[in-house]
Amino acid sequence: MKKSSFLDLALRIATDSRWLPPPNPCVGCVITNPDGEWLGQGHTQRAGAPHAEVMALRDAEAHGNSVVGATAYVTLEPCSHHGRTGPCCDALIAAGVKKVVASIADPNPLVSGQGFARLRAAGIEVEVGPGAAESRELNIGFFSRMVRKTPWVRLKVAASLDGKTALENGLSQWITSQAARTDGHAWRARASAVLTGVGTVLEDNPRLDVRLVDTPRQPHLVVVDSRLQTPPEAYIFMAGRPVWIYAAARNDDKQAALEARGATVTYLPDAQGKVDLAAMLRDLAVREVNELHVEAGHKLNGSLLREGLVDEMLVYLAPKFIGDGLGIASGAHAGGPLATLADAMPLEFRSVQQLGPDLRIVARVAGRDAF
């Protein structure tokens, strides 16, 4: 196999494991001997467990293969610091690997070139660059958290072809098909956290967990709830995962009741007495949220879009017309209705795919990934 083929394999391994590693990045590693023959492979495990390089070294050992003089193909710079695990570059050095081909440098300031420097200081040849765009895209949330200090925000909506997400009476189950709903759960599963508003909790009483696909972990749940109206008996507490509630108006009794259900309540008021959404995103980054998956109503959607906090849209369009009903977002543009089409938010289509009778569209805010 060629060098690019081994990196392609490493990227596929990382992609197939993308539901497991967060908050760590999704990384794959393939090790070959000097003649280009496969020795072992691995991907990063759950947080606190071994990274891709260590798993690949263990895999080679399990197959009875020596890695002395080998080449390691890895989709991200081997780490050089002690975090939840030891430095991967030290493991490669100790194993006798002689060359490392890595797709891209780690954006984590604790690594950021230091892993490459440590490998080179140990006499290991280092090549950087092949597969960089693919590796970065797979870990767009991790790069966002490390560089921008905010999660990558993906807003999911299910709508009719005329852009309605519910009837006028609020009924929305089900606009899209089972195939679209199952795919939506897969996107939930890859996120570090799911965000909703208290309006959705009160009106729909959703669980907002991952049920329709297998997953090794449940994403955390985040609720924007300015006045702490979330009922302690709400279904969101059923999944047994962390629930983070962001509020603006302090209420000690309601806070105590929610904390008794395991919730963490954080007060981040803005000047209007609502939750400061930008500050919330910064706080979520501190809590190691890479990708934030938004499933909310038109009011919170509108606030996020109006404040320029959405990076990407995940839209499921059903082939039906509803007519009068609720839209995707309310008041999504600062200053009210647009005066010209030139003022519209520019988006770039990333993918369009048919799922059963529906379409899935992934559209990114133009230039948003330039960081």
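Throughout, numbering of the chain's residues begins at 1 and tracks the sequence. Only a predicted model underlies this, so the values are computations on that prediction, with no experimental measurement involved.
- Using a distance-only test at 3.5 Å, with no hydrogens or angles considered, a donor-acceptor pair links the side chain of S192 to the main chain of N290.
- Around the OH atom of Y235, the shell of radius 6.0 Å holds no more than 12 heavy atoms that belong to other residues, nucleotides or ligands.
- A distance-only check finds no donor-acceptor pair linking the side chain of D225 to the backbone of A247 [under 3.5 Å].
- By the side-chain contact (heavy atoms from CB on, under 4.5 Å) test, A318 pairs with I175, T176, K320, D358, sequence neighbours left out.
- Atoms CD1 and OG, from I245 and S226 in turn, are 12.0 Å apart once rounded to the nearest 0.5 Å.
- Atoms OH and CG, on Y246 and L277 in that order, are 11.0 Å from each other to the nearest 0.5 Å.
- Proximity of the aromatic rings of H220 and W244 is defined here by a centroid distance below 6.0 angstrom, and this criterion is met.
- For the pairing with R154, the side chain to side chain donor-acceptor pair (under 3.5 Å) check across E291, E295, H293 returns one residue only, E291.
- Using modelled atom types, one finds no donor on one side chain facing an acceptor on the other under 3.5 Å when comparing R261 with T230.
- Taking all atoms of both residues into account, the shortest heavy-atom contact from G297 to T200 is N-OG1, 3.4 Å.
- Residue-environment remark: CZ (R120) exceeds the threshold of 12 foreign heavy atoms within 6.0 Å.
- Across every non-hydrogen atom of V97 and A72, the tightest pair is CG1-N, 4.1 Å.
- Side-chain atoms of S303 and R306 form a donor-acceptor pair, as typed in the model, at a separation below 3.5 Å.
- Summarising the local packing, CD of E61 is surrounded by 12 or fewer heavy atoms from other residues, nucleotides or ligands at distances under 6.0 Å.
- Between A14 and T75 the shortest heavy-atom distance is CB-OG1, 4.3 Å.
- The CZ atom of R190 sits 7.5 Å away from atom SG of C26, with the distance rounded to the nearest 0.5 Å.
- Separation of atoms NE2 (H43) and CG (D16) is listed at 8.5 Å; rounding is to 0.5 Å.
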